[in-house]
Amino acid sequence: MVFYAQKVFNTTYTLYEVMKILLIDDNKDITEMFSKYLKLNDHECHTSNDGRNGLNMIENQKYDAVLLDLAMPNFSGIDVIHALAEKNKIRNQKVIIFTASSKPNNDLDELIQMGVHSCLTKPMDPDELISYLENLEVKNIE
Amino acid sequence: MLLKKILEKNEYESTSNQDLLNHHISELEQTSLTAKKFIAHILDDNSTVITDNLLEKIHHNIRTPLTPIKGYTDMLLSENFGKLNEDQKQKLKLVSENIKQLENNIEEFL
């Protein structure tokens, strides 16, 4: 996370955080939309439309949060979680499930036990998402 | 006399056969009933599973495309892609309200 000083009303300065987010979702419209919004809000957003490629990105870079879709062809979000857990790498990142499924809560306890941070459901207001991620960072700083 | 005996014997055998037949029919009916119950049980279970999976699929397949629709509508309304005139804003608000309505319907019915 990088902190930048931002000038407010020409007199005071405040700190704002630039978050580095990874969004893994097979739906390109979703990754493009959230990526645009995060960038408009001065955050850094990396995307992957493929679970296996997303796993490589998680393993090779540190992100402030990883938003992970569950239902993806070939290599699902669950596969990503299992692969990370097997290598004891899941707790190195804040992996947040980002799903349109109505059932994630059935397996959520197990996934949290494995090291998943939390779960968000789609559709979600981009504003709500930013607010959630920013509060996540505040909690982390505390 | 002999004829009577033969008739009685036949009647006895016939009755006996009828009893046996009835017994088998009863057994078959019982088995059939059990099988029917068993099949009904399996079908019921399967239909629950099938219904659950179908609903989950519908739920997922409606909510997924709704995500960029909702996101871009919010971004357009926030004028992230440029200024809007009042008429455009009103129309987009209508879209946004209907998206919320659709979301509520999905939650309520699925």
Side-chain angles (χ1 to χ4, degrees), chain A residues 21 23-43 45 47-51 54 67-74 76-78 96-108 111 119-134, chain B residues 41-110:
Chain A
I21 307 293
L23 175 55
I24 306 170
D25 196 311
D26 62 314
N27 187 312
K28 285 183 183 168
D29 294 336
I30 291 177
T31 50
E32 194 182 310
M33 187 269 293
F34 280 116
S35 172
K36 262 196 179 100
Y37 196 72
L38 283 160
K39 284 173 185 169
L40 275 167
N41 284 273
D42 298 320
H43 296 299
C45 185
T47 61
S48 171
N49 298 117
D50 170 83
L67 294 166
L68 177 65
D69 183 28
L70 289 184
M72 290 186 286
N74 304 323
S76 71
I78 298 285
I96 300 165
I97 292 169
F98 196 41
T99 179
S101 168
S102 59
K103 282 184 175 172
N105 291 341
N106 294 356
D107 310 313
L108 192 58
L111 296 173
C119 177
L120 298 174
T121 46
K122 293 181 274 189
M124 189 173 197
D125 286 335
D127 267 345
E128 277 179 48
L129 178 68
I130 294 260
S131 161
Y132 181 85
L133 294 171
E134 285 174 350
Chain B
H41 175 70
I42 292 173
L43 278 178
D44 194 38
D45 270 8
N46 275 350
S47 59
T48 309
V49 171
I50 290 164
T51 311
D52 276 0
N53 288 343
L54 187 66
L55 283 179
E56 164 60 15
K57 204 160 191 169
I58 294 170
H59 198 271
H60 182 271
N61 288 358
I62 295 176
R63 280 163 61 129
T64 297
L66 206 51
T67 308
I69 295 172
K70 188 181 160 93
Y72 280 125
T73 306
D74 287 352
M75 286 162 80
L76 283 163
L77 264 174
S78 304
E79 301 188 321
N80 287 129
F81 300 118
K83 273 239 164 261
L84 298 173
N85 63 38
E86 273 313 304
D87 193 36
Q88 289 168 328
K89 268 187 197 173
Q90 288 237 318
K91 302 280 187 295
L92 269 175
K93 275 181 189 163
L94 202 72
V95 174
S96 181
E97 281 161 19
N98 278 278
I99 291 168
K100 277 180 192 134
Q101 183 64 50
L102 181 58
E103 268 188 275
N104 291 340
N105 291 348
I106 295 166
E107 290 309 314
E108 195 175 333
F109 296 116
L110 297 178

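A note on names: the letters A, B, ... follow the listed sequences, proteins ahead of strands, and every chain is numbered from 1.
- Proximity of A:Phe34 to B:Thr67: side-chain heavy atoms (C-beta onward) are separated by under 4.5 Å at one or more points.
- B:Thr73 OG1 to A:Met33 CE: the interatomic distance, rounded to the nearest 0.5 Å, is 9.0 Å.
- The shortest non-hydrogen separation linking B:Lys70 to A:Pro123 is CD-CB, 3.7 Å.
- Here CG of A:Asp125 is found 9.5 Å from OG of B:Ser78. Values are rounded to the nearest 0.5 Å.
- Annotation: the span from A:Asn27 atom CG to B:Thr64 atom OG1 amounts to 6.5 Å, rounded to 0.5 Å.
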Can you list the steps and then say if B:Asn80 with A:Lys36 is a side-chain contact (heavy atoms from CB on, under 4.5 Å)?
-> CA-CA 10 Å; B:Asn80 287 129; A:Lys36 262 196 179 100; over 6 Å; no
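- For the atom pair NZ of A:Lys122 and NE2 of B:His60, the computed distance is 6.0 Å after rounding to the nearest 0.5 Å.
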